[in-house]
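Below is one structure, written out as structure tokens; comments come after it.
These values consider heavy atoms only, across backbone and side chains, with no hydrogens, waters or symmetry-generated copies. Predicted model, so just to flag it, every value in this text is computed and none were measured.
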2 protein chains.
Amino acid sequence: MATGRTERPAHRGRGIPEATVARLPLYLRALSALSERGVPTVSSEELAAAAGVNSAKLRKDLSYLGSYGTRGVGYDVEYLVYQISRELGLTQDWPVAIIGIGNLGHALANYGGFASRGFRVAALLDADRAVAGQRIAGMVVRHMDDLEQIVRDDHVSIGVITTPAPAAQGVCDRLVAAGITSILNFAPTVLSVPEGVDVRKVDLSIELQILAFHEQRKSTSDGAAPNLPPAAPGAAASRAGDVGGDLPEVMPA
Amino acid sequence: MATGRTERPAHRGRGIPEATVARLPLYLRALSALSERGVPTVSSEELAAAAGVNSAKLRKDLSYLGSYGTRGVGYDVEYLVYQISRELGLTQDWPVAIIGIGNLGHALANYGGFASRGFRVAALLDADRAVAGQRIAGMVVRHMDDLEQIVRDDHVSIGVITTPAPAAQGVCDRLVAAGITSILNFAPTVLSVPEGVDVRKVDLSIELQILAFHEQRKSTSDGAAPNLPPAAPGAAASRAGDVGGDLPEVMPA
DNA sequence: TAATGTGAAGCTTTTCACAGCC
DNA sequence: GGCTGTGAAAAGCTTCACATTA
């Protein structure tokens, strides 16, 4: 999410669009796969296909980083891996702390994908003293009391919040107070943070609801229902204003 | 409000912008909290604050659903909860299958947030016969062999893929062949699907990389480094200088 | 009077299409 | 000949500001 800061480093050619930044990791992943297969160069068409975007968009995106391709040939895979890694800041180490060691925190602690690109799980924390002390994924879970000290000593730069929703804002505030300016929030709640702190969220429930919206459209607009869903049992009952009268169970044409 | 009239809600049909759809769940969550606290009405200003957006955007978003507010007053909380729920398709039941019961699948199976809004975990599946048969979150894990039958018999409408990346496309293909048209993918890979199938992805590693990008900018553009990150291991510490790049060699992490 | 609903303006992102270069 | 890099057009999204209405 945008920092809201208006001041720009005034570097010529800087100012990569947010939408582009969000796709760079995708390109990087596709390039890494090519690299492992020993492929030396790749065209925008091929790379775009591997990343699931169209080639014009890919070329435009890459053009914000510089002119790293060769006309008539394509892009050097290794070179591009390096340039994107550098742009994303993956050539440095990013110690991460996971706060809230429930089911999800536990799963993330064991998730291999963390380590792969400069992200290193530096600490696991939990508010429950029964959890603190446990050994998970080769690390001892620390108690929340030590949060500030851990952030300082281990130079934690990214906090991952996997607590229950009610605890999330409090944890967030403490992270921010401890100097952390990048937070990944898995708790289903909106976090409010001061200017300059970036929060990104991962929200299962929101994703499902978006899918449901489109799924609903599919079965109502087509005559042919793919996997007909069973009728609704407990729907939100309307009070306040009889809703049923207006648009009762619409089935728009 | 809402009398028996069949006045069409302004933008019905193909009309609701994708960006708006993605925010409706956020509004719904904020409204549900208000509802539980017994708040009867809410202004766009208040609701927007609770959802973390600005009020003009909120009003515009809601206007795509219809004119559900009252000038001078605000929105009726219960009524709006119902309208958004209906628009999102949450007044019906959405049986979900989770495929791949590793750490993450396990965590999701136990995650309470599923059940809350019409999403019901109908089945857990795994390719490993040692996992199939186990009891998790009150359900018996089924073997992948039964996928097609389960999808059919339980009217599964959404597939959640939590397999390792290499297995994901195969699972996806089978889901699609079985008639599923909505997929939530947690595997770090691009899925290719035919037209008409919706895929949404949740990707931890991408989110972290986006955070890293902004974090890097902060420390290089500001004089004041918040939590100074330790220098990279072997990486060429090329700072914000542009192109210049040579180094066709990679710098993996 | 207070707060919605919405044209219009301003931005951002995507797509097009082709000049330029290897 | 093939493919990148990029202006320009189109589409999509956000914000403004105010007429409108309960």
Quick check: on DNA chain C, is the nucleotide nearest B:Asp61 upstream (toward 5') of the one nearest A:Val73, or the reverse? Name the residue that is more 5'. B:Asp61
Please tell me if the side chains of A:Phe186 and B:Glu207 come closer than 4.5 Å, counting only heavy atoms from C-beta onward. no
What is the distance, rounded to the nearest whole Å, between atom CD of B:Glu18 and atom P of C:dT13? 16 Å
pair A:Arg217-B:Asp198: side-chain heavy atoms closer than 4.5 Å: no
Give me the residues of residues 39-48 of chain A where at least one heavy atom lies under 4.0 Å from an atom of DNA chain D, by number, or none. A:Ser43, A:Ser44
Check: B:Asn185 and B:Cys172 side chains under 4.5 Å, non-hydrogen atoms: no
State, with a plain yes or no, whether a side-chain heavy atom of A:Ile161 is found less than 4.5 Å away from one of A:Leu191. yes
Check step by step if side-chain hydrogen bond (donor to acceptor under 3.5 Å, both in side chains) holds for B:Glu215 and A:Ser182. CA-CA 7 Å; B:Glu215 189 68 28; A:Ser182 292; 2.3 Å; yes
What's the spacing between B:Leu28 CG and B:Gln83 CD if we round to 0.5 Å? 12.0 Å
Please find the earliest and latest nucleotides of DNA chain D, in the 5' to 3' direction, that have an atom within less than 4.0 Å of any heavy atom of chain B. D:dC13 to D:dA22
Per-nt protein contacts along nucleotides 15-21 of chain C (heavy atom under 4.0 Å; B base, S backbone sugar-phosphate only, - none) come out as B-B-BBB
Is any side-chain heavy atom of B:Thr163 less than 4.5 Å from a side-chain heavy atom of B:Ile99? yes
For B:Tyr75 and C:dA3, what is the distance between atoms OH and C1' respectively, to the nearest whole Å? 9 Å
Nearest 0.5 Å, please: how far is NZ in B:Lys57 from CG in B:Leu62? 13.0 Å
Contact nearer the 5' end of DNA chain C, comparing A:Thr20 with B:Gly74: B:Gly74
Between B:Ser205 and B:Gln209, is there a side-chain donor-acceptor contact under 3.5 Å, judged purely by atom types and distance? yes
How far apart are the C-alpha atoms of A:Thr20 and A:Leu65, what are their side-chain angles, what is the distance that settles it, and do they pass the side chain to side chain contact (heavy atoms under 4.5 Å, CB included) test? CA-CA 10 Å; A:Thr20 295; A:Leu65 311 190; 5.5 Å; no
